[in-house]
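Worksheet: one structure, shown below.
Lettering follows sequence order; numbering is per chain, from 1.
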There are 2 protein chains.
Amino acid sequence: MITIKDIADALSMSHSTVSRALNNHKAINEQTRIKVQETAARMGYIPNSGARMMRGLSSRLVGLIVPNVQNEFFSALARVLSNNCALYGYSMMLGISEDDPVREQEQIEALVQSRALGVMIAPSERSTVATRRLLKAIPCVQLLRYEPQLGGLAVRVNEERAIHTATDHLAAQGHRQIGYIGTLETTSTGASRLAGFRAACRDHGGEVDSALIRLGPPSPEYGSQAVHELLSMRPDLTGLVIGSPRQMSGALLALRERGVAIPKQVSIVGYGDTEWFQVATVPLTAMALPVRDMSEQATALLFSAIGNQAGTTTSFPHKELIFEATLVARHSTAMPSVDIAVKS
Amino acid sequence: MITIKDIADALSMSHSTVSRALNNHKAINEQTRIKVQETAARMGYIPNSGARMMRGLSSRLVGLIVPNVQNEFFSALARVLSNNCALYGYSMMLGISEDDPVREQEQIEALVQSRALGVMIAPSERSTVATRRLLKAIPCVQLLRYEPQLGGLAVRVNEERAIHTATDHLAAQGHRQIGYIGTLETTSTGASRLAGFRAACRDHGGEVDSALIRLGPPSPEYGSQAVHELLSMRPDLTGLVIGSPRQMSGALLALRERGVAIPKQVSIVGYGDTEWFQVATVPLTAMALPVRDMSEQATALLFSAIGNQAGTTTSFPHKELIFEATLVARHSTAMPSVDIAVKS
DNA sequence: TTGAAAGCGCTAACAA
DNA sequence: TTGTTAGCGCTTTCAA
């Protein structure tokens with residue numbers, strides 16, 4: 001790797017002149033500037049950002065930490081953040097935590113060691129103490145999931161209301177035996193969604209039957225398993241709320257395996273309006289999240305926090321942005337068929 | 001930010017002792033080591049990776065550059081690479097090029113400036129000269145797409161054969177008017193896939209009718225547009241090969257808008273077996289790519305190139321791994337209906 | 001086992 | 001307009 005010193009030697013001048021020339025400093029001879037820049041290009045000089053940083057310059061680095069990137073929400077977020085980084089000349093370090101608090105912590109450590117200017121994070125199920133300590137040192141925006149102990153800024157969905165609305169939609173069509181499949185209560189989103197389901201059940205049916213609830217990882221496999229379990233135990237079920245987009249494809253598969261007609265025998269509402277929902281077996285009714293908008297706002301928030309923090313050393317004010325999901329009615333929901341409805 | 005010097009002062013010792021203690025150097029008193037490490041933890045010391053790097057230590061950083069991350073292939077790749085990074089204590093910088101050669105170049109520049117140890121890249125449509133120069137300096141694995149000018153290692157799919165097989169599948173069922181929707185020939189993948197389609201057409205029907213071909217960006221929107229155009233111009237079409245997974249959902253939507261029954265009126269074969277293909281309107285026949293396997297191998301290749309390169313300064317041997325796609329037959333393909341078949 | 005000192009590549013204050 | 005010099009935070013000789 002060639003350095004400014006190599007260029008200086010080649011041109012027999014001082015390395016500080018080279019530095020000035022390369023940084024387009026004002027007090028530099030135009031001739032020199034051009035000569036240096038040409039030589040640098042010819043010799044294949046590439047600045048060492050580590051050395052630059054040590055001289056107090058910014059790392060121009062931000063971090064993104066998400067549990068996975070297969071999820072439409074997170075991949076859209078990565079895209080938006082990346083676009084903004086490109087705009088401002090930042091780089092982005094991506095950490096995929098796989099919902100493992102330790103891995104998450106390691107990734108944040110690496111970020112802070114690289115002196116990243118800020119982090120966007122969808123926190124994993126539990127944060128370690130180290131994670132919490134590290135995040136004090138750097139502007140941080142929590143997206144989608146929210147872990148109060150991390151503090152900082154947050155952009156999220158009113159998950160509880162979203163699932164409440166989804167459940168209401170089924171209840172309004174006459175469903176009484178409604179099942180819920182979703183993620184574990186260990187994440188803030190899992191817990192809120194379940195709470196929304198419970199609240200809606202209380203509003204409509206009375207007590208909540210926990211035999212109608214299945215919680216597990218956000219994978220197609222679990223979606224399938226949960227449907228099988230649910231339908232075996234409760235064949236009288238006529239409506240199903242699926243609280244995780246990743247569980248949906250497995251659920252649909254299982255429904256088909258069991259020969260269950262949608263919406264004739266079972267109505268379905270999804271969460272998160274993934275691209276393929278409208279071309280699924282039956283076009284799926286779902287709660288649509290303002291994915292793009294949330295990502296944009298979160299990114300704006302992050303960059304403004306980075307900007308503000310430039311001068312001050314104080315910690316960051318708490319601020320929260322909460323978005324509402326909207327019901328997109330398609331054809332996976334309908335009134336329960338009479339023979340079944342009669343039972344309830 | 002506190003430094004080893006702050007710790008040294010607090011403990012009134014030399015900062016080199018602190019450094020030794022923190023790095024578990026052999027020649028250090030156990031007492032001192034513990035004391036230093038405790039103090040460091042208490043004071044919230046975080047090493048400066050920039051400074052470390054300047055002392056010749058590795059950056060433990062790899063880069064991933066992809067056109068987007070909404071695509072199942074690339075998101076799976078990101079996951080595999082991230083997992084391996086976590087395993088070896090590396091960090092990953094993610095660049096999303098949006099298929100813009102300039103943005104791609106900027107991201108690679110940032111990578112080399114940060115002294116990343118290697119890059120995994122799915123190159124954009126055209127590489128800039130700067131990109132090509134930069135990538136000489138650092139081990140690089142091209143994945144999926146292949147740009148010969150970049151050289152280095154490559155892991156990819158026999159795209160031509162894959163689309164050939166897809167087309168053969170339709171032809172074998174009796175289809176003669178087969179359309180192709182795919183991405184532009186400006187990427188290596190777009191060109192190879194189209195070549196595969198053309199070759200298959202020649203094998204079966206004779207000349208290739210370019211009115212049966214529609215090329216555009218890998219977006220659902222374009223998929224939809226292309227179907228509308230194709231069916232308006234060629235209502236006699238009975239089979240359709242869709243050469244980009246992202247175009248599929250739009251295509252299905254358009255087909256439904258036009259009231260075209262799959263496979264009764266039009267048979268469809270997709271490329272890349274995305275998760276939802278089996279729960280689509282009709283379970284989709286598609287060419288499945290060994291996504292996981294390719295990502296793993298590419299990652300292994302990258303890390304081994306990084307390892308080898310440690311000593312040497314020589315450039316990297318060229319090596320290519322080519323994978324085959326396999327046909328997954330589902331229910332979106334069937335014999336053309338008689339009234340139409342009769343025409344051909 | 002520790003400290004003093006050099007130096008990685010760079011920028012910037014100070015002189016000339 | 002340029003050169004000299006210091007120093008960012010760190011690791012690593014070399015001495016003690």
Could you check A/Asn48 against A/Met1 for side-chain contact (heavy atoms from CB on, under 4.5 Å), going step by step and ending with a plain yes or no? CA-CA 9 Å; A/Asn48 183 321; A/Met1 273 294 169; over 6 Å; no

For atom [atom1] of [X] and atom [atom2] of [N], their distance in whole Å:
X        : N      : atom1 : atom2 : value
B/Asp9   : C/dG3  : CG    : C1'   : 14 Å
B/Arg115 : C/dG9  : CZ    : C1'   : 9 Å
A/Lys5   : C/dC8  : NZ    : P     : 8 Å
B/Met54  : D/dT12 : CE    : P     : 14 Å
B/Asn24  : C/dT1  : CG    : P     : 14 Å
A/Asn23  : D/dT1  : CG    : P     : 17 Å
B/Lys26  : D/dT11 : NZ    : P     : 13 Å
A/Leu57  : C/dG9  : CG    : P     : 17 Å

What's the closest nucleotide to the B/His15 side chain, out of C/dT1, D/dC10, D/dT4?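 The listed nucleotide nearest to B/His15's side chain is D/dC10.
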
Closest nucleotide among D/dC10, C/dA13, C/dT11 to the A/Arg20 side chain: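 Of the options given, the side chain of A/Arg20 lies nearest C/dA13.
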
DNA chain C: B/Asn29 or B/Arg55, which has the more 5' nearest nucleotide?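 The residue mapped nearer the 5' terminus is B/Asn29.
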
Would you say [N] has OP1 or OP2 under 4.0 Å from some side-chain N or O of [X]?
X       : N      : value
B/Arg52 : D/dT11 : yes
A/Asn48 : C/dC8  : no
B/Thr32 : C/dT2  : yes
B/Thr17 : C/dG3  : yes
A/Ser19 : C/dT11 : yes

Contact class for [X] vs. all strands (heavy atom < 4.0 Å): base, sugar-phosphate, or nothing?
X       : answer
A/Ile28 : sugar-phosphate
A/Thr3  : sugar-phosphate
A/Met13 : sugar-phosphate
A/His25 : nothing

Could you verify whether a donor N or O on one side chain and an acceptor N or O on the other, from A/Arg103 and B/Asn83, lie under 3.5 Å apart?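 A donor-acceptor contact under 3.5 Å links the two side chains.
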
Taking the side chain as every heavy atom from C-beta outward, state whether A/Leu117 and A/Ser58 have any atom pair closer than 4.5 Å.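 Sidechains of A/Ser58 and A/Leu117: in contact.
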
For a quick test of reading the model, state the closest non-hydrogen atom pair linking B/Glu125 to B/Asp99 and the distance between them.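 In terms of heavy atoms, the two residues are closest at N-OD1, 3.4 Å.
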
For B/Leu22 and A/Ala27, take the nucleotide of DNA chain D holding the closest heavy atom to each; which residue's nucleotide lies nearer the 5' end?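 Comparing both residues, the 5'-ward one is A/Ala27.
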
Applying side-chain contact (heavy atoms from CB on, under 4.5 Å), run through A/Ser91 and B/Gln113 and close with a yes or a no. CA-CA 11 Å; A/Ser91 295; B/Gln113 289 183 6; over 6 Å; no

List the steps, then state whether side-chain contact (heavy atoms from CB on, under 4.5 Å) holds for B/Ser124 with B/Ser97. CA-CA 7 Å; B/Ser124 71; B/Ser97 68; 4.3 Å; yes

